[in-house]
Structure formats: C-alpha cells, structure tokens
Amino acid sequence: MTENFLSYGGKIIAQLLGEILYFPLWWYSVGFGRLLKNTWHFWHGQEESLGFWVWLKNIFVPMYGQYDMAGRVISFFVRLVQIIGRGFVLLIWLILLLVLIAIWLIIPPLLLLALVFQLWR
C-alpha cells in the first residue's frame, strides 16, 4: 500500500515546486533562445517577402531592359523609392521585434514586483 494519496500528493507537490523553481532558469535560457530564434526567422522571412536585398542588389540594373539614359535614371529612382519604403517597413518590424524581446525580459521581474506589492498591501 505504498501508492496511496499521501505518497502521490508528496510527489505532485515536489514536482510542482521543482517546476516553479526551474521556471526562471527556463525563461531566461531555453525560452529566450527560442524567442530569439523565432524572431530572427520571422524577420528574415519578412525581408525575403519584401525582397529588400534583391532591390538593393539590382539598384543600378535598368528595368524592362531599357538601357538608354532615361531608362537607367527612371529605374534608379523607382528602385531607390522602393528600397527606402521597404527598408522603412523592415525597420518598423525590427523595432517591434526588439520591443517584444524587451517585454520578454521584463515580464518576470514585473510580475514578481506586482506579487510583492500585493503581499505588502
């Protein structure tokens, strides 16, 4: 009769306490690493969908095979406007992702501070 309510209860409480103590370690190591990996993949996917580096690489290539001077000038300025616009969108995404990373790092201390504040009230 070793498997009874008290022995299971003790195992459950011990496991729960272990997970509570492991949580901050996971949050700032494995969880943070996953967040960085996922945000990098997301940002890289946004860059690929916008084709920023393709536009930048081909800034001096004339569009539609127009190799005369007017075609080259028009192509350059059209691509310059596209590069500026797409770069701005990528910059906005980068700022949002950096804010997300900062929020990830700040949440546990803020929750702990809120808990302490509620206990002292």
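One hydrophobic cluster, built from ILVMFWY side chains closer than 4.5 Å, cannot hold both V54 and L91; they sit in different ones. Under a hydrophobic clustering in which Ile, Leu, Val, Met, Phe, Trp and Tyr are joined whenever their side-chain heavy atoms come within less than 4.5 Å, directly or via other members, L105 and F23 fall into the same cluster. Connection of L110 to L115 is not established within any shared hydrophobic cluster, with ILVMFWY side chains joined at heavy-atom distances below 4.5 Å, either directly or through further cluster members. Residues I106 and L25 do not share a hydrophobic cluster, clusters being chains of Ile/Leu/Val/Met/Phe/Trp/Tyr side chains in contact below 4.5 Å. A continuous path of ILVMFWY side-chain contacts below 4.5 Å connects I74 to Y64, so both sit in one hydrophobic cluster.
Distance CZ/R34 to OG/S29: 9.5 Å, rounded to 0.5 Å. Between I103 atom CD1 and L98 atom CG the span is 11.0 Å, to the nearest 0.5 Å. Rounding to the nearest 0.5 Å places CG of L56 at 4.5 Å from CD1 of I83. With values rounded to the nearest 0.5 angstrom, I92 atom CD1 is found 7.0 Å from L96 atom CG. Distance check: L16 CG to E19 CD gives 6.5 Å after rounding to the nearest 0.5 Å. With rounding to the nearest 0.5 angstrom, the CD atom of Q46 is 8.5 Å from the CG atom of L97.
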Q. Step by step, would you call H41 with H44 a side chain to side chain contact (heavy atoms under 4.5 Å, CB included)?
A. CA-CA 5 Å; H41 286 302; H44 185 67; 5.7 Å; no

Q. Under the side chain to side chain contact (heavy atoms under 4.5 Å, CB included) criterion, do R86 and E47 qualify, and how do the steps go?
A. CA-CA 9 Å; R86 292 167 190 260; E47 186 277 320; over 6 Å; no

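Taking 4.5 Å as the limit, some side-chain heavy atom of W43 sits within range of a side-chain heavy atom of L90. Under the 4.5 Å side-chain criterion, counting only non-hydrogen atoms from C-beta, Y28 is in contact with P108. Using a 4.5 Å heavy-atom threshold, the side chains of V81 and F77 count as separate.
Tested against W93 for a ring pair (Phe, Tyr, Trp, His ring centres under 6.0 Å), the candidates F52, F42, F88 yield a single pass: F42. Between W27 and the choices Y22, W104, F32, the side chain to side chain contact (heavy atoms under 4.5 Å, CB included) rule is met once, by W104.
Considering all non-hydrogen atoms of both residues, F60 and R72 come closest at O-NH1, 4.3 Å.
In the displayed structure, Q118 atom CD is contacted under 6.0 Å by more than 12 heavy atoms of other residues, nucleotides or ligands. The local environment of CH2 in W53 is sparse, with at most 12 non-hydrogen atoms from other residues, nucleotides or ligands closer than 6.0 Å.
Using a distance-only test at 3.5 Å, with no hydrogens or angles considered, no donor-acceptor pair links the side chain of N58 to the main chain of V61. Between the side chain of S75 and the backbone N or O of M63, at least one donor-acceptor pair lies under 3.5 Å.
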